[in-house]
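Right, one structure below, let's go through it.
Small disclaimer: the values here were computed from a predicted structure and weren't measured.
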Amino acid sequence: MATPKSPAKFRSWSSMDSIDPADIRRLYDPESSTKSSSVRCVSTWMFSLLILGSTVLFLIGLLVGYYVKESQNLDTDGTIAHCFYGERSDGFSQEQVESAHENVMYLLSSESIKTLKREFSVHQNQDTEWDENSANFVKSEFTKYGLDKVSTEEYDVVVTSPNPVQPNRLEVITSAGQVKLNLTFGIGQKPNVNRRKRAGNEETTSHPVQPYVAFAPSGNVQGYNEYGHYGRTVDLVQVNNSGVIVKDKILLLRLGQITVAEKLSLAAQWGAVGVLLYLDPADLTEARVVSPDLHKFVPYASAGGKVNTANPYGGAVMVPAQTVSMETATFLLNSMTVPSAPVSWLGGLNTTYTLQGQYIVRLIINNIKKVETVRNVVGVIEGDIEGDRNVMVGASRTGDMEAGSGVSMGTINLLELARSVASIRRLEKWLPRRGMKFYSWGGTKYSHAGIEEFLKVNGILVQTKVVTYVDLDLYTRPRSDSLRTPSMDITSSRLLSHLVDKVASIVPDAAMSELSIRDSLSLNVNHYRKEVSPTGDFHGNKDSLYRFQELGIPVFEAGFDLPTFMMNKSLHDKDHHYRYHLAAARVMALVILNLVDDNILPLDVSGLTTSIDEALIQTADIQGINELIDTLRTTSDVLVTTANAFVVYIESLGSSKVPLEARRVNDALMMLEKVFVSPLINRNSGSVLYETDGEGRLTVIKEMVQLSTLTNDWSSFHCLLDTFSDALKQSISVLQLS
């Protein structure tokens, strides 16, 4: 026999951990066996006869035992009194499961991350064939690790690209016909250089991304220029209320807050003929703003993906669009006159922010259509007991679209986690309760087209089968020098709050291994809401989480905010042996493994319902709606009480065996997020009703109040309250298992 070992709270680890499988702690200590010689006392035929007889007797006994057991499980009315399922095929106790999880976490290695990064970087420099080569690299790695299934999903997507013969152009002309500005895009822009050393000390340089808006239509349009903030509905309403007409104008909009596709769609709905997009310094971190070339840099953007603000009676109509530099945006704002923009609209450019332009802007967009093949690589580890449930783990597979973006680290961490899980499963004979699906997403620069196309085909399956989506695009981002120590930044659904706190108390700190992350670091846990980064189109996959949140799937991601002096001009954490990437990866690994192996899903029902109740209390402070919110609060009080009773019921099930009733509990837990997804109301801030702002108020209600006040139309607001009330009542029903 073998002796199971007891896990410690956590073990120290080095950023230079060995990946030698012999270094991991085994779940069992093999007991030594002694060999002794013996004399054969029986002949071969007699030995065979004994074996045959024993086998027959064993089968008879097995059948009799099964009959007796089934008879004892029957009530007098012929029904089964107690039916249990969920016995682990690997026979692991809870201690052994925890040890397996620890071994997965500790097998994650900075040395392996370095090796993978070096190998993957070779594929990043293959230019037009990069996506296919990188997909093949990921697929070969998954296959090498011994995952149960490995496949590549391909989708053909029609996108636009700049016409090399007729580049896009921008002209600014006075009413008298004098040309004040004449720009041709894609010519003269300083490349973003990202040098890497390859074999033989050869240096390679990545090519800059062409400055244009993917998926935007072509056209030759002109009109007076106007400043429209982020181009949200509430922004355009404020422009209209100021006496400035949007119709037939070209809007100058800041990137961020909502997707580019939504900006172009809303502009079309309001009658604008074109859109110019720019990065405002106020929306960027200090480390980015100090870049000497940033004011002349013309970014890339993508108008693909889902358009929440599309005309419900037809497809999403968008206007021609082009990105411009901060320098060009400053010139355009300088040419504008009264009225002044609202104070909250002021940005970081050295100019006065006003709304009405006095120059005619002519925008010539010559984008051409082409078909791009988007490839997702999928690696699967099958679940042993609940094979129809899985945790999705994804990362963007993208090239260095901007020097120093570090987005390829997501792929590296995805591969390293898959390797570690597969290795421990093989070495320790550990069988995960639920499945794990590793997705290497393609099409990131096209508004995450790999995710979009996947969800178009598999959206229903994702809603019914996926427990959680974990985004592995780990980041180490610089903050201002006022931040003197590293801070771990976690974004997750509220249902995962308790699990995150538990895991942070186990994983050791990157710099002080004798302490856990919870003990030693500033830990910021942000409850997820849709926030579109102004650099999201070319700075990674971080904003893709809301695609899953819109389906009611709890989401999770993690990273580190580091003082700028620690970054040493490297977003890849190279000078720290990837230790911060590794620490974040270990937190995420333990979160995934708990979701995979716990009998009852570790989702914090009480935390979710309490946060909704508290948000309603804060929201009632908004002037003029407190009486309307009171009705919702009454229902919310019932929800909190029901949730507390639900938690007590879960605890009563015990942990030694999991009855079929646990399946119903997990079904209810997986349904809870989905109840609060409202497809009935188009909103710019996301599709989850209980999103809150920094003050704890329900974001969607706050924004709807602001919009209703500006338009003096409260019909949509009352519809929203009815929808929210129905969601609260449905969630009560779910938790009552009715």
Side-chain angles (χ1 to χ4, degrees), residues 170-178 180-181 221-258 260 262-284 295 309 319-363 534 622-624 684-685 702-714 716:
L170 172 68
E171 297 177 359
V172 179
I173 309 169
T174 67
S175 56
Q178 179 185 4
K180 303 290 288 185
L181 187 68
V221 297
Q222 69 176 38
Y224 284 99
N225 196 213
E226 287 180 359
Y227 175 54
H229 204 207
Y230 293 105
R232 300 167 298 186
T233 298
V234 66
D235 298 330
L236 299 180
V237 168
Q238 285 190 266
V239 171
N240 185 70
N241 289 351
S242 69
V244 178
I245 305 302
V246 176
K247 192 176 187 312
D248 296 327
K249 304 294 180 21
I250 291 180
L251 295 174
L252 176 65
L253 304 177
R254 290 158 68 161
L255 287 163
Q257 296 295 320
I258 61 174
V260 173
E262 289 173 317
K263 294 177 192 290
L264 304 192
S265 178
L266 282 169
Q269 290 179 37
W270 280 76
V273 295
V275 168
L276 298 174
L277 302 164
Y278 79 99
L279 288 169
D280 197 289
D283 299 320
L284 306 176
H295 281 265
T309 55
V319 296
Q322 174 63 49
T323 51
V324 298
S325 66
M326 292 181 186
E327 186 178 62
T328 301
T330 301
F331 173 84
L332 293 171
L333 285 168
N334 282 335
S335 70
M336 294 184 186
T337 60
V338 292
S340 297
V343 176
S344 61
W345 289 22
L346 303 184
L349 295 177
N350 186 23
T351 184
T352 301
Y353 286 73
T354 49
L355 301 182
Q356 181 99 21
Q358 58 180 328
Y359 294 151
I360 296 173
V361 174
R362 180 178 298 158
L363 186 59
I622 299 176
Q623 188 174 2
N684 293 336
S685 61
K702 183 179 179 182
E703 292 180 353
M704 191 67 77
V705 168
Q706 183 183 12
L707 185 59
S708 299
T709 302
L710 288 169
T711 60
N712 198 26
D713 179 6
W714 291 84
S716 295

key: Evaluation steps, side chain to side chain contact (heavy atoms under 4.5 Å, CB included), between Val324 and Phe331   = CA-CA 11 Å; Val324 298; Phe331 173 84; over 6 Å; no
Hey, could you give me the [atom1]/[atom2] distance between [X] and [Y], rounded to the nearest 0.5 Å?
X: Arg232; Y: Glu703; atom1: CZ; atom2: CD; value: 7.0 Å
X: Gln706; Y: Thr711; atom1: CD; atom2: OG1; value: 10.5 Å
X: Ile245; Y: Gln356; atom1: CD1; atom2: CD; value: 9.0 Å
X: Asn241; Y: Leu236; atom1: CG; atom2: CG; value: 11.0 Å
X: Asp283; Y: Gln257; atom1: CG; atom2: CD; value: 7.0 Å

inquiry  = If we ignore hydrogens and angles and just use 3.5 Å, is the side chain of Lys263 paired with the main-chain N or O of Arg254 as donor and acceptor?
reply    = yes
ask   = So, the side chain of Gln358 versus the backbone of Ser335: is there a donor-acceptor pair under 3.5 Å, distance only?
value = yes
task = Would you list the pairs meeting salt bridge (Lys or Arg N to Asp or Glu O under 4.0 Å) in which at least one residue belongs to residues 319-338, sequence neighbours left out?
result = Lys296-Glu327
task = Report the relative orientation of the aromatic rings in Trp345 and Tyr227; use parallel for angles under 30°, tilted for 30 to 60°, perpendicular for over 60°.
result = perpendicular
request  = Report the C-alpha distance between Leu349 and Tyr278 in whole Å, list the side-chain angles of each, state the deciding distance to 0.1 Å, and finish with yes or no for side chain to side chain contact (heavy atoms under 4.5 Å, CB included).
outcome  = CA-CA 11 Å; Leu349 295 177; Tyr278 79 99; 3.6 Å; yes
query = Per the side-chain contact (heavy atoms from CB on, under 4.5 Å) rule, which among Leu251, Val172, Leu332 passes with Asn225?
reply = Leu332
message = Applying side chain to side chain contact (heavy atoms under 4.5 Å, CB included) to Thr354 and Thr337, what does each step give before you reach the verdict?
response = CA-CA 6 Å; Thr354 49; Thr337 60; 5.6 Å; no
request  = Could you give me the CA-CA distance, side-chain angles and deciding distance for Gln222 and Ile173, then say whether side chain to side chain contact (heavy atoms under 4.5 Å, CB included) is met?
outcome  = CA-CA 10 Å; Gln222 69 176 38; Ile173 309 169; 5.7 Å; no
